[in-house]
S.K.: 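Pasting a structure here, questions to come.
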Amino acid sequence: MSKYELTKTPAWQNLEKHRAQNANLHIRDLFKDENRFDEFSIYNEDLGILFDFSKNIISRETFALLMDFAKAAEIAQYAQKMFSGEKINWTEKRAVLHTALRNVSNTPVYVDGKDIMPEINAVLEKMKKFSDDLRSGKRAGASGKKITDIVNIGIGGSDLGPKMACEALKYYGDGPAAHFVSNIDGADIYETLKKLNPETSLFIVASKTFTTLETMTNALTARKWLVSKLGDQAVASHFVALSTNAKKVKEFGIDENNMFEFWDFVGGRYSLWSAIGLPIACFIGFDKFKQMLEGAHYIDKHFLNAPYEKNIPVIMAVLGFWYNNFFEAQSHAVLPYSQYLHRFPAYLQQGDMESNGKTVNFEGDRVNYQTGPIIWGEPGTNGQHSFYQLIHQGTKLIACDFIGFVNPPEKVGDHHEKLMANYFAQTQALAFGLTKEQVIENMTKAGFSQQDIETLAPHKIF
């Protein structure tokens, strides 16, 4: 048997048997255990993060079997290979080291025998100087005016990552306004340019090869617009490149000193921690960008070192696997109760679906299990007035992750109390539902006639 035939492993077959034996298990039944929350939640005091996974269809036995599966899948071994620079992306002969970009401990990381940290630190230092100079006005436009707007031109990971982060950290944004253009549809660049003053605008062109069709089409349109207003000589002052193709960058008219490098060992969807994060550093300041790297590094170390039973990323992964493969849940909703995180589901959508969009294993054999769900979502409470009805009472089982903040940065009246009341109520309603007996009791108390109760009760159950 190939080690990659997961469905033939004892760990998989034990889960299959367990699922069949507990086909009618409901979260209501599981919460008869008054210690359930304590057992199925993890609080990280350093970060102030509470990870509550108690409202999932798992018992102690399920959890133990999922941990056995995580071990059978060798998550820890592959994590070690990834962090140490082994070329786990063997089809492209590449290491996968976005983790090195946020390695603030600065421990050496080797690729082909060479420590890559000095190169990474050099780019970070260059980003710091550039963003500091831009924010202070030391680096100005061609006419000497301070830059007030930056436009990131990229697509995929060169757009979704920095856009998501700038939106998420908008409260802390005290630098130039950040705009993002990605779609080759002319409406995207047109609507962005019409809001800008060429004298105070800076364009950041993000393309590793500097040949990406969508990105270069938009970049050339932006260049033409700028030159028509300020002349050819202005390009050097108003464009920078995030690329590895010095020749193409120079041909475009960008000074090589304004080219920020990133590397083959960073996949696009994980690249916001690299020079692709330059718009973030300009928008919130490099010190806060560095804090973001520190937070990511902390989680990297947690993922690498925490035992499976206490490892938040591993637990989230096996729960997603559990629903996708044993409940036939084809989609997974990410529901942040924060307007700042309104682009977060789209960011995760790319990271998860691009990574897991496979049909064959390492040996090239077609797999006979689900490799990943459809990721989607919208912020609360908007989603409650859009698609929650199908989650509550529709025919599909949809796994849902809720993200909330006890102490948000902004304080506006009683908005947050109302938001979080909805947040907790929705998780409770989705976990426990409303039984026929509860519906009848509620309708009786409300004074409905027996006939109305018989007619309406089925429509109120979820």
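Heavy-atom basis, side chains included; hydrogens, waters and symmetry copies ignored. Along the sequence shown, residues are numbered consecutively beginning with 1.
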S.K.: Please check if any side-chain donor atom of E354 sits under 3.5 Å from a side-chain acceptor atom of Y270, or the reverse.
M.R.: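 Looking only at side-chain atoms, Y270 and E354 do not form any donor-acceptor pair under 3.5 Å.
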S.K.: Is the backbone of S182 close enough, under 3.5 Å, to the side chain of D188 for a donor and an acceptor to pair up by distance?
M.R.: yes
S.K.: Kindly compute the distance separating OH (Y347) from CE (M164), expressed to the nearest 0.5 Å.
M.R.: 5.0 Å
S.K.: Are F405 and Y340 close enough that their ring centres sit under 6.0 Å apart?
M.R.: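 Ring centres of Y340 and F405 not closer than 6.0 Å.
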S.K.: Out of curiosity, L278 CG to I204 CD1, how far, rounded to the nearest 0.5 Å?
M.R.: 4.5 Å
S.K.: Looking only at atom types and distance, does a side-chain atom of N44 sit under 3.5 Å from a main-chain N or O of I49, one as donor and one as acceptor?
M.R.: no
S.K.: Would you indicate whether the side-chain heavy atoms of N422 and Y337 approach each other to under 4.5 Å?
M.R.: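 Sidechains of N422 and Y337: in contact.
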S.K.: What I'd like to find out is whether the side chain of F402 reaches to under 4.5 Å of the side chain of L430, using heavy atoms alone.
M.R.: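 SC-SC contact between F402 and L430 confirmed.
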S.K.: Would you check if the side chain of R94 reaches a backbone N or O of I88 as a donor-acceptor pair within less than 3.5 Å?
M.R.: no
S.K.: So, R135 side chain and C282 main chain: donor-acceptor pair closer than 3.5 Å or not?
M.R.: yes
S.K.: Are W12 and F326 an aromatic pair, judged by ring center distance below 6.0 Å?
M.R.: yes
S.K.: To the nearest 0.5 Å, what is the distance between CD1 (I284) and NZ (K170)?
M.R.: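 That separation rounds to 13.5 Å.
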S.K.: Could you check whether any side-chain N or O of N152 sits under 3.5 Å from a backbone N or O of S158, counting only pairs where one atom can act as donor and the other as acceptor?
M.R.: yes
S.K.: So, N103 side chain and T107 main chain: donor-acceptor pair closer than 3.5 Å or not?
M.R.: yes
S.K.: Can a side-chain donor-acceptor contact be found between N56 and S54 if the only test is distance below 3.5 angstrom?
M.R.: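 No donor-acceptor contact under 3.5 Å links the two side chains.
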S.K.: How about Y190: does its OH atom have over 12 heavy atoms from other parts shown lying under 6.0 Å from it?
M.R.: no
S.K.: Please step through side-chain contact (heavy atoms from CB on, under 4.5 Å) for the pair D352 and H332, ending with a clear verdict.
M.R.: CA-CA 11 Å; D352 196 291; H332 188 121; over 6 Å; no
S.K.: If I take atom CZ from residue F283 and atom NE2 from residue H179, how far apart are they, to the nearest 0.5 angstrom?
M.R.: 9.5 Å
S.K.: Can you find a heavy atom in the side chain of T371 that is under 4.5 Å from one in the side chain of T359?
M.R.: no
S.K.: Using the ring-ring contact (aromatic ring centres under 6.0 Å, His included) criterion, which residues pair with F327? Sequence neighbours excluded.
M.R.: W322, Y323
S.K.: Would you say N324's side chain and G320's backbone share a donor-acceptor pair under 3.5 angstrom?
M.R.: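 No; judged by distance alone, with no hydrogens or angles, the pair does not exist.
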S.K.: Rounded to the nearest 0.5 Å, how far does CE of M82 lie from CG of N89?
M.R.: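 The CG atom of N89 sits 12.0 Å away from the CE atom of M82.
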S.K.: Under a 3.5 Å distance rule, please check whether T99 uses its side chain to pair with a backbone N or O of F83 as donor and acceptor.
M.R.: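 The answer is no, because no donor-acceptor pair under 3.5 Å joins these two groups.
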S.K.: Indicate whether the side chain of Q393 and that of H459 have a donor and an acceptor atom separated by less than 3.5 Å.
M.R.: no
S.K.: Hey, are E251 and K247 close enough for a salt bridge, meaning a charged N less than 4.0 Å from a carboxylate O?
M.R.: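 A salt bridge is present here (some side-chain N lies under 4.0 Å from a carboxylate O).
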S.K.: Does the distance from a Lys or Arg side-chain N to an Asp or Glu carboxylate O, for K87 and D112, drop under 4.0 Å?
M.R.: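 Yes.
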S.K.: Quick one, L134 and P176 - any side-chain contact, counting heavy atoms below 4.5 Å?
M.R.: yes
S.K.: List, one per line, each side-chain donor-acceptor pair under 3.5 Å for residues 231-244, sequence neighbours excluded.
M.R.:
unit_1 : atom_1 : unit_2 : atom_2 : d
Q233   : NE2    : L230   : O      : 2.8
H238   : ND1    : P198   : O      : 3.3
H238   : ND1    : S201   : O      : 2.7
H238   : NE2    : A142   : N      : 2.9
S243   : OG     : S207   : O      : 3.0
S243   : OG     : K208   : O      : 2.9
S243   : OG     : N245   : N      : 3.1
T244   : OG1    : K208   : O      : 2.9

S.K.: Between H392 and Q426, is a side chain to side chain donor-acceptor pair (under 3.5 Å) present by the stated rule, with each step listed?
M.R.: CA-CA 9 Å; H392 279 296; Q426 289 295 335; 2.8 Å; yes
S.K.: For K146, enumerate each residue passing the side-chain contact (heavy atoms from CB on, under 4.5 Å) test, keeping only those at least two apart in sequence or located in another chain.
M.R.: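 Listed in chain order: nothing, the list is empty.
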S.K.: With a 4.5 Å limit on heavy-atom distance, are the side chains of D52 and T427 in contact?
M.R.: no
S.K.: Please check this pair: side chain of D115 against backbone of Y110, looking for a donor-acceptor N/O pair closer than 3.5 Å.
M.R.: no
S.K.: Do H98 and L272 come within less than 4.5 Å of each other through their side chains, counting heavy atoms only?
M.R.: no
S.K.: Could you tell me the separation between the NZ atom of K129 and the CZ atom of R139, rounded to the nearest 0.5 Å?
M.R.: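 With rounding to 0.5 Å, NZ (K129) is 10.0 Å from CZ (R139).
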S.K.: Considering only NZ, NE, NH1 and NH2 on the basic side and carboxylate oxygens on the acidic side, decide whether E309 and K71 come within less than 4.0 Å.
M.R.: yes
S.K.: Please work out whether the ring planes of F289 and F286 are parallel, tilted or perpendicular, with thresholds of 30° and 60°.
M.R.: tilted
S.K.: Should the pair E167-R343 be classified as a salt bridge under the 4.0 Å nitrogen-to-oxygen rule?
M.R.: no
S.K.: Treating H302 as the side-chain partner and I312 as the backbone partner, does any N or O pair qualify as donor plus acceptor under 3.5 Å?
M.R.: yes
